[in-house]
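In what follows, a single structure is set out as C-alpha cells and then discussed.
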Amino acid sequence: MATAVWDWNGTLLDDVEVCIGTMNEMLRRRHLPTLPDRAAYQRVFTFPVIDYYRRVGLDLEKESFEQLSEEYMSEYHRRAVHCGLFADVEEGIGMLQKSGIPSLILSASRQDHLRRQTDQCGCTDWFSDLIGICDIYAREKLSAAQVWLKRHPQSDQNMIMIGDSLHDAEVAAALAWDCILIDRGHQSRDLLETSDRPVVSTVSEAVSLILAKHKAER
C-alpha cells in the first residue's frame, strides 16, 4: 500500500512570500541587494540552507551561521503566523484518506516549529506522523527520516515523497522511495526537472499521480 510523505514548507504550507520577505529584511539591514521577485528566490534557494545564505550575499566570515539562523527564524515566525495551506491541500489529503492512503510529513523544520504550524493550520490530525529535525539549521532531513524508519519499519509500504526541492528528490533516492516534485514552492521548475522525477504544479496533480499509481498496483 502507498504512503504519501509530504514536505511541509512550500509544498503544503504557502510560505514562499514570507521567506522572501524575511530574507530581504535581513539583506536590507546589511545594505545588500535584495531578491527582486519569486523567480530570483527560486533560483538561489537550496539545501543545506547555509549555501543559500552564501548565495544571497550574507558574509559567513563576519557573522556566524548560527546567529544568522536565529535572526532568520525569529523574523520568519513573526511573519509566518499569517501563512496558510495552499488552497488544494485539504481536498487532496482528503482524497488520499478516502482511498486508504495515509499521509505523513517529513520536514527540515524543527519538530516543535512544525507541530506549531500544523496546529495553526488546523491540519495536524490529517497526518499519521510529523517528522521534523532537532535544530533550526535546515542542513538536511534524511537523518530524521532514517531514525523514524528504524522506529517505524515500512517494508510493506510504497513510500512516495512529495516536495518542492531537489533535496526532497535526494532524500527519496537515498531511501529508494518514489518522488513527485511541485514547482510552486521554493525551487524553480527548471531546477526540479534536473532530478528526472515527475514535476507538477499543484497538490491536486500530485494526488492524481499517487491515486493512479495506487490503482495500478491493486
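Residues take their numbers from the sequence shown, with the count starting at 1.
The salt bridge (charged side-chain N to carboxylate O under 4.0 Å, His left out) contacts involving residues 9-23 comprise Glu17-Arg38, where partners must be two or more places apart or lie in separate chains. The list of ring pair (Phe, Tyr, Trp, His ring centres under 6.0 Å) pairs with a residue in residues 74-99, not counting sequence neighbours, reads His77-His113. The stretch residues 125-134 participates, sequence neighbours left out, in these side-chain hydrogen bond (donor to acceptor under 3.5 Å, both in side chains) pairs: Asp129-Trp148. Every pair passing salt bridge (charged side-chain N to carboxylate O under 4.0 Å, His left out) that includes a residue from residues 91-114 is listed here, sequence neighbours excluded: Arg110-Asp112. Pairs of residues two or more places apart, or lying in two chains, that qualify as ring pair (Phe, Tyr, Trp, His ring centres under 6.0 Å) and include a residue from residues 173-205 are Tyr41-His186, Phe45-His186.
Crowding of Arg29 atom CZ: a count of heavy atoms from other residues, nucleotides or ligands under 6.0 Å exceeding 12.
Counting only distance, with no hydrogens or angles, the side chain of Ser64 and the backbone of Leu60 share no donor-acceptor pair below 3.5 Å. When atom types are taken as modelled, the side chain of Glu193 and the backbone of Pro198 share no donor-acceptor pair closer than 3.5 angstrom. Between the side chain of Asp168 and the main chain of Asp164, a donor-acceptor pair closer than 3.5 Å is present.
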Let me see the working for Ser201 and Arg184 under side chain to side chain contact (heavy atoms under 4.5 Å, CB included), right down to the final yes or no. CA-CA 6 Å; Ser201 294; Arg184 67 183 177 189; 5.8 Å; no
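For the pair Phe47 and Lys141, the minimum side-chain heavy-atom distance is 4.5 Å or more.
Hydrophobic clustering, defined by side-chain heavy atoms of Ile, Leu, Val, Met, Phe, Trp and Tyr closer than 4.5 Å, leaves Val147 isolated from every other such residue.
Among the candidates Val200, Val207, Thr11, the single residue satisfying the side chain to side chain contact (heavy atoms under 4.5 Å, CB included) test with Ile180 is Val200.
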